[in-house]
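Read through the structure below, which is laid out as structure tokens, and then see the notes.
When reading the values below, keep in mind they use all heavy atoms of this one structure, side chains included, and skip hydrogens, waters and symmetry mates. Per chain, numbering begins at 1; letters A, B, ... match sequence-line order.
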Amino acid sequence: VAPLGSAGPRELSFVSSARYAPRAAETRAGVVLLPRDLPCELPAGTTAIRVRDPHLVLATLLPILYPEAAGAPGVHPTAIVHPEAEVGAGVRIDPYVVIGSGTRIGDRARVGAHVVIGERCSVGSDTVIHPQATLYPDVSLGARCVVHSGVRLGVSGPGLTMTAEGCRQTPLLGGCHIGDDVEIGANSVIDRGAAGSTTIGDGTKLDNLVHLAHDAAVGSRVLLVAQVSLGEGARVEDGAVIGGQSGVDAHLTVGRGARVAGKSGVTASVRPGDTVSGYPARPHREAMRAQATLFRLPSVLRKLQELERAVQRRD
Amino acid sequence: VAPLGSAGPRELSFVSSARYAPRAAETRAGVVLLPRDLPCELPAGTTAIRVRDPHLVLATLLPILYPEAAGAPGVHPTAIVHPEAEVGAGVRIDPYVVIGSGTRIGDRARVGAHVVIGERCSVGSDTVIHPQATLYPDVSLGARCVVHSGVRLGVSGPGLTMTAEGCRQTPLLGGCHIGDDVEIGANSVIDRGAAGSTTIGDGTKLDNLVHLAHDAAVGSRVLLVAQVSLGEGARVEDGAVIGGQSGVDAHLTVGRGARVAGKSGVTASVRPGDTVSGYPARPHREAMRAQATLFRLPSVLRKLQELERAVQRRD
Amino acid sequence: VAPLGSAGPRELSFVSSARYAPRAAETRAGVVLLPRDLPCELPAGTTAIRVRDPHLVLATLLPILYPEAAGAPGVHPTAIVHPEAEVGAGVRIDPYVVIGSGTRIGDRARVGAHVVIGERCSVGSDTVIHPQATLYPDVSLGARCVVHSGVRLGVSGPGLTMTAEGCRQTPLLGGCHIGDDVEIGANSVIDRGAAGSTTIGDGTKLDNLVHLAHDAAVGSRVLLVAQVSLGEGARVEDGAVIGGQSGVDAHLTVGRGARVAGKSGVTASVRPGDTVSGYPARPHREAMRAQATLFRLPSVLRKLQELERAVQRRD
């Protein structure tokens with residue numbers, strides 16, 4: 001598999017959207033995956049395979065085409081695996097990994113160089129942890145997850161909690177439970193719960209540099225774009241999408257399938273299916289209309305003054 | 001110590017606020033810490049201990065109940081401690097730690113796996129540094145601090161500086177001094193000073209993914225919530241609280257005890273005790289009123305047009 | 001070289017701007033670099049050297065004054081360098097570094113402790129990579145770059161892509177190419193491209209905790225201040241400056257030499273040379289005027305009501 005521009009006649013490439021279609025005319029790829037209904041010309045000698053969603057098909061093909069990308073299984077001699085840790089079959093553990101006592105690593109999991117996994121964690125089968133990630137003790141991570149470099153899971157503090165009177169510190173003694181098929185972008189941070197747990201449901205994807213405060217509860221198939229921050233105890237229900245750099249205040253709920261535009265500040269719960277934007281976040285249309293009006297304000301003020309003068313003249 | 005839901009008859013649990021009180025009725029914990037005046041029912045067989053602040057009491061009890069959490073003292077054989085570094089009594093240094101020449105580690109400090117500490121640093125007694133954190137050279141860190149995983153202290157660049165004419169780069173040759181009892185959340189970054197120093201006072205807590213530019217000066221008992229950014233030379237005085245995702249422009253002061261709401265952009269200094277919000281940040285009430293009015297604007301415009309017509313009709 | 005306050009008679013110090021001039025009167029430094037036209041008194045016994053830009057001069061002097069800061073060249077015995085990796089002359093590789101197969105490290109480069117570099121990467125000559133940074137496979141990094149601690153380059157997912165219908169995941173199979181003289185602040189994250197590449201031009205500086213989504217294209221001599229986020233496929237042309245905590249939506253262009261104020265949300269392309277601010281970002285003056293009017297709104301509303309009553313009285 002290679003990009004359109006560099007793929008050769010023995011390689012597979014793909015066009016994901018109309019944006020990239022023009023480049024396809026000059027590819028030298030042997031085979032190109034195309035969306036079923038995308039107008040797109042290919043050079044002679046290149047075979048088109050039309051599918052509903054090239055990305056989905058690729059995601060299925062990649063592990064078949066590159067079984068060796070996982071590297072040979074085995075534990076690198078420099079890895080320090082506690083004798084009371086349990087390592088499944090076909091696991092690959094890279095140099096300088098440190099794994100604590102009582103931790104279980106599922107079958108075929110891959111643990112990248114320098115990853116540190118604390119005591120009593122569990123890592124599901126086929127999960128990939130990239131270099132330099134850290135799991136604090138007692139974190140559970142499901143099957144087929146991807147954890148990127150520099151992610152910190154189950155962080156135990158400082159546990160800042162916003163209250164009506166200000167902000168205080170809470171000891172974090174709870175858990176951190178992450179479902180199956182979850183992907184977590186680089187340098188993201190997820191706190192453990194205070195008394196309960198911080199949780200992420202199956203199939204959810206977090207982009208880079210995302211922050212989840214203690215006791216946040218994220219449902220299934222949720223998408224959190226880069227640099228999103230969830231306050232402590234915030235709930236994001238199944239299928240919701242939160243745009244980049246947005247924040248959700250403590251203890252609020254973003255309902256099932258709701259959408260929060262980028263850079264929004266959610267200060268009240270969002271109903272299922274709603275789309276909100278701005279700060280404080282409001283229904284998207286209302287926010288756009290208010291914003292548009294804001295830029296007409298100087299002319300409104302002028303008109304008001306004229307009107308005032310007109311009324312005074314008449315007095 | 002265990003959460004209400006999982007604590008057994010030989011364990012201690014706690015209720016921090018009314019939010020969690022209903023769960024207490026079904027706990028099997030032997031002892032529960034409760035706020036003095038919180039109405040809260042406990043099952044027979046569970047002993048209530050009422051205290052002013054269960055969190056504070058827990059923070060005191062935890063090191064007594066879990067002395068072994070610190071692990072046995074000692075330097076792991078894979079740790080590379082420079083012969084000219086000085087390591088105090090009862091220190092624990094985990095696998096693959098690297099400590100540079102001229103650095104001093106105080107008594108009973110714990111240095112987590114893979115931590116890298118540069119030359120000429122000092123780490124106070126009883127301080128805990130979690131895995132994968134980095135101290136650049138010449139950083140001083142006080143006693144009883146907690147530095148979370150992935151924190152970078154005393155970073156030496158790029159040192160971007162906003163000026164009236166734009167933005168420029170400054171070489172960072174200064175220091176980075178952090179007081180006692182400071183906690184710094186995961187993946188936070190603190191630049192060293194340019195000519196002077198970046199400083200943090202005693203008892204201050206930084207949440208995850210916080211950024212302090214060079215020469216920022218943070219006082220004592222300050223709370224900076226997740227993803228806050230302080231511009232170069234910004235001052236935050238004692239006891240101030242800055243909400244998540246807020247930014248403070250270069251060389252401004254947030255006065256003693258002031259509060260900045262989340263997602264604010266501070267573009268002018270904030271007086272001691274004031275509460276500000278929004279971008280540009282304004283006194284909180286003024287900002288809330290302006291924001292509320294913004295959403296009434298479309299109806300204001302309609303009313304203005306009606307009035308205009310009324311006046312014209314009368315002409 | 002030392003700060004004004006601590007430099008002794010055998011040391012060099014500097015004054016970068018009027019802000020620091022008063023401190024110069026009490027320095028004990030032997031020599032002080034000063035801006036050519038800055039009024040500034042020095043004590044007897046201190047030699048002033050007046051230059052156009054003390055920072056630029058310092059940047060030139062530092063490597064001459066501190067050649068040993070780079071440490072002696074050599075590969076630490078604990079570093080794991082794949083036999084099919086290529087290491088140039090005078091390179092320094094610190095403890096516990098891991099370098100993959102097919103990777104090339106240029107002459108005199110320095111690779112800090114615990115850095116992990118994947119397969120088939122190239123690192124230019126004289127480039128410095130600070131401890132704990134990660135290069136995913138196939139990243140190319142130019143000469144004389146500085147990559148700070150915790151940076152993640154060429155991250156392969158989750159590749160969230162905003163579309164008109166919502167947000168979806170894209171497999172990231174492309175490259176990540178970084179030019180010469182680039183500096184990247186601590187804990188910043190740069191995704192690899194989907195089909196094409198994510199690119200950064202020569203002389204560009206990224207501050208701490210910056211995020212570049214897949215296929216972002218950043219030109220030369222661009223400055224991105226802390227916590228900036230670029231959406232997928234966003235373009236930032238040569239010489240542009242983007243203030244801290246700002247975001248640029250996917251597939252937009254910030255034109256050559258344009259300036260985006262801090263905390264802005266760019267939702268439409270910015271023309272070359274323009275200055276924008278706010279969210280959604282607008283020409284800076286317009287945004288400031290609208291914002292100022294916003295705070296006059298409550299009084300506008302009052303005036304409108306008075307006017308209404310005046311008109312009704314006359315009816």
Go through the atoms of [X] and report whether side chain, backbone, both or neither lie under 4.5 Å from a heavy atom of chain B.
X	result
A/Ser264	backbone
A/Arg282	side chain
A/Thr78	both
A/Ser156	both

Side-chain ([X]) to main-chain ([Y]) donor-acceptor, under 3.5 angstrom:
X	Y	answer
A/His130	A/Val111	no
A/Ser149	A/Pro131	yes
B/Arg92	B/Ala72	yes
A/Asn208	A/Ala186	yes

Which atoms of [X] are under 4.5 Å from chain A, going by heavy atoms: the side chain, the backbone, both sets, or neither?
X	value
B/Val225	both
B/Tyr279	neither
B/His148	both
B/Leu304	both

Worksheet, complete the sentence: Test side chain to side chain contact (heavy atoms under 4.5 Å, CB included), reference A/Leu212, set A/Leu224, A/Asp191, A/Ile184, output is A/Leu224
Quick check for you: among [options], which has the greatest number of heavy-atom pairs under 4.5 Å with chain B?
options	result
A/Glu119, A/Gln227, A/Arg168	A/Arg168
A/His114, A/Arg289, A/Glu286	A/His114
A/Ala287, A/Gly174, A/Ser246, A/Gly278	A/Ser246

Discussion item. Please enumerate all residues that pass side-chain hydrogen bond (donor to acceptor under 3.5 Å, both in side chains) together with A/Thr170, with sequence neighbours excluded.
Written reply: A/Thr161
Worksheet item: Residues in side chain to side chain contact (heavy atoms under 4.5 Å, CB included) with A/Ala213, at least two apart?
Response: A/His211, A/Glu232
Worksheet item: Who wins among B/Met288, B/Lys205, B/Gln245 for the most heavy-atom pairs under 4.5 Å with chain A?
Response: B/Gln245
Discussion item. How long is the straight-line distance from OG1 of B/Thr127 back to CG of B/Asp180, given to the nearest 0.5 Å?
Written reply: 7.5 Å
